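Just so we're on the same page: letters track the sequence lines, and every chain starts at 1. Computed from a predicted structure; not experimentally measured.
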There are 2 protein chains.
Amino acid sequence: MIKERQTKQKAVILSAVQGTKTHPTAEQVYEMIRDEMPNVSLGTVYRNLNRLAEIGTIRRISVINSPDKFDGDLTPHHHISCTQCGKFCDFFDAEYNESLDRFIEAKTSFRIAKHETVFYGVCPECKCNELN
Amino acid sequence: MIKERQTKQKAVILSAVQGTKTHPTAEQVYEMIRDEMPNVSLGTVYRNLNRLAEIGTIRRISVINSPDKFDGDLTPHHHISCTQCGKFCDFFDAEYNESLDRFIEAKTSFRIAKHETVFYGVCPECKCNELN
DNA sequence: AACATAAATAATAAAGTTTGTCAATAAGAA
DNA sequence: TTCTTATTGACAAACTTTATTATTTATGTT
């Protein structure tokens with residue numbers, strides 16, 4: 001019995017997400033792969049990103065004032081969003097607080113799979129542009 | 001010179017968000033106030049929620065697989081999302097980690113205003129429905 | 001109280017984001 | 001190679017949010 005087929009599209013989409021640190025949206029992944037795959041459809045990009053995120057091969061990140069972003073880097077890290085220009089960065093130097101998940105589980109009876117933390121602020125460049 | 005006018009709509013929208021713990025979306029706020037204000041328009045709801053969130057009178061929460069939610073409770077707390085049924089809960093028993101904001105500032109030169117943490121998992125009811 | 005100004009609204013169009021439909025294609029088993 | 005059906009491309013539709021504009025109305029001024 002067939003479970004899941006390996007397609008060129010699937011491989012290219014995954015490799016695009018894993019090969020960048022830009023946290024692309026679905027639309028941006030679509031643009032990224034059109035050189036290599038001009039006939040790919042946006043629906044295929046959405047479908048595969050959704051599946052990859054669901055099985056945990058990539059991360060989905062929900063950000064205020066932005067379509068969902070995708071991240072191929074599964075190592076625990078946080079994200080920082082500039083509320084002025086939308087710049088979106090990784091932050092690696094703070095460990096994932098696993099014990100917080102266990103604490104919430106104990107207190108709420110939810111089974112917690114993960115938490116996502118996004119920091120909101122103003123990036124150095126936008127700070128510079130604040131004249132006075 | 002006039003800066004900002006107090007309107008009935010603005011007051012009703014704010015009071016709807018502040019008077020519930022359900023973290024309504026814009027559409028849900030719209031439904032909530034239509035009894036009291038049948039002619040209000042959805043655009044007005046969006047406009048006022050955006051403004052209130054921008055000035056910090058209410059919180060905007062970005063959640064995977066949901067339109068943005070709004071929260072009138074400004075006391076520091078976390079949120080938990082059930083990935084099965086979408087149930088969305090508060091969690092108050094973990095203090096806001098202010099020092100993490102200062103740590104990120106020191107390491108990145110961003111000016112951090114806040115961070116939002118959302119926990120994803122399965123709620124007690126949905127756990128029950130997992131037969132076997 | 002009446003008037004003037006412009007901020008805010010209702011109505012609606014449009015833009016932006018995501019999912020669904022379905023005939024055609026193609027991955028993988030036999 | 002042939003068969004089965006998961007996946008795709010094309011496109012429609014749904015969903016979410018913002019923009020446009022004539023009208024209304026909150027508020028300062030007379």
Separation of A:Lys10 atom NZ from C:dA26 atom P, in whole Å?
-> 15 Å
Between atom CG in A:Asn65 and atom P in C:dG16, what is the gap in whole Å?
-> 15 Å
Any donor-acceptor pair under 3.5 Å between the side chain of B:Arg47 and the base of C:dT9?
-> no
NZ/NE/NH1/NH2 to OD/OE distance under 4.0 Å, B:Glu130 and A:Arg111 | yes
Distance check: side-chain N/O of B:Asn48 vs OP1/OP2 of C:dT9, anything under 4.0 Å?
-> yes
Taking CG from B:Leu49 and C1' from D:dT18, how many angstroms apart are they, rounded to a whole number?
-> 14 Å
Can you tell me how far C1' of C:dA27 sits from CD of A:Gln9, to the nearest Å?
-> 11 Å
Would B:Glu54 and B:Arg60 satisfy salt bridge (charged side-chain N to carboxylate O under 4.0 Å, His left out), going step by step from the backbone distance to the final call?
-> CA-CA 9 Å; B:Glu54 196 153 353; B:Arg60 179 195 294 267; over 6 Å; no
Take atom CZ of B:Arg51 and atom P of D:dT17, then tell me their distance rounded to the nearest Å.
-> 17 Å
Does a side-chain N or O from B:Gln6 land closer than 4.0 Å to OP1 or OP2 of C:dA8, or not?
-> no
Taken to the nearest whole Å, CZ/A:Arg60 to P/C:dT17 is 14 Å
From CZ of A:Phe70 across to C1' of C:dT17 the rounded distance in Å is 11 Å
Quick one: B:Asp68 CG to C:dT17 P, roughly how many Å, whole number?
-> 13 Å
Check ion pair B:Glu4-B:Lys10 (N to O, under 4.0 angstrom) = yes
Give a yes/no on whether any side-chain N or O of A:Thr7 is located under 4.0 angstrom from OP1 or OP2 of D:dT7.
-> no
Between A:Arg5 and D:dT8, is there a side-chain N or O to OP1/OP2 distance below 4.0 Å?
-> no
Strictly under 6.0 Å, is that where the ring centroids of A:His78 and A:Phe119 end up?
-> yes
On DNA chain D, nearest-nucleotide positions of B:Lys8 versus B:Asn50: which is more 5'?
-> B:Asn50
Charged N to carboxylate O under 4.0 angstrom, A:Glu105 versus A:Lys107?
-> no
Pair A:Phe91 and A:His79, ring centroids less than 6.0 Å apart | no
Distance flag, aromatic centroids of A:Tyr96 and A:His115, threshold under 6.0 Å | yes
Within residues 31-46 of chain A, those residues having any heavy atom closer than 4.0 Å to DNA chain D are A:Asn39, A:Val40, A:Ser41, A:Thr44
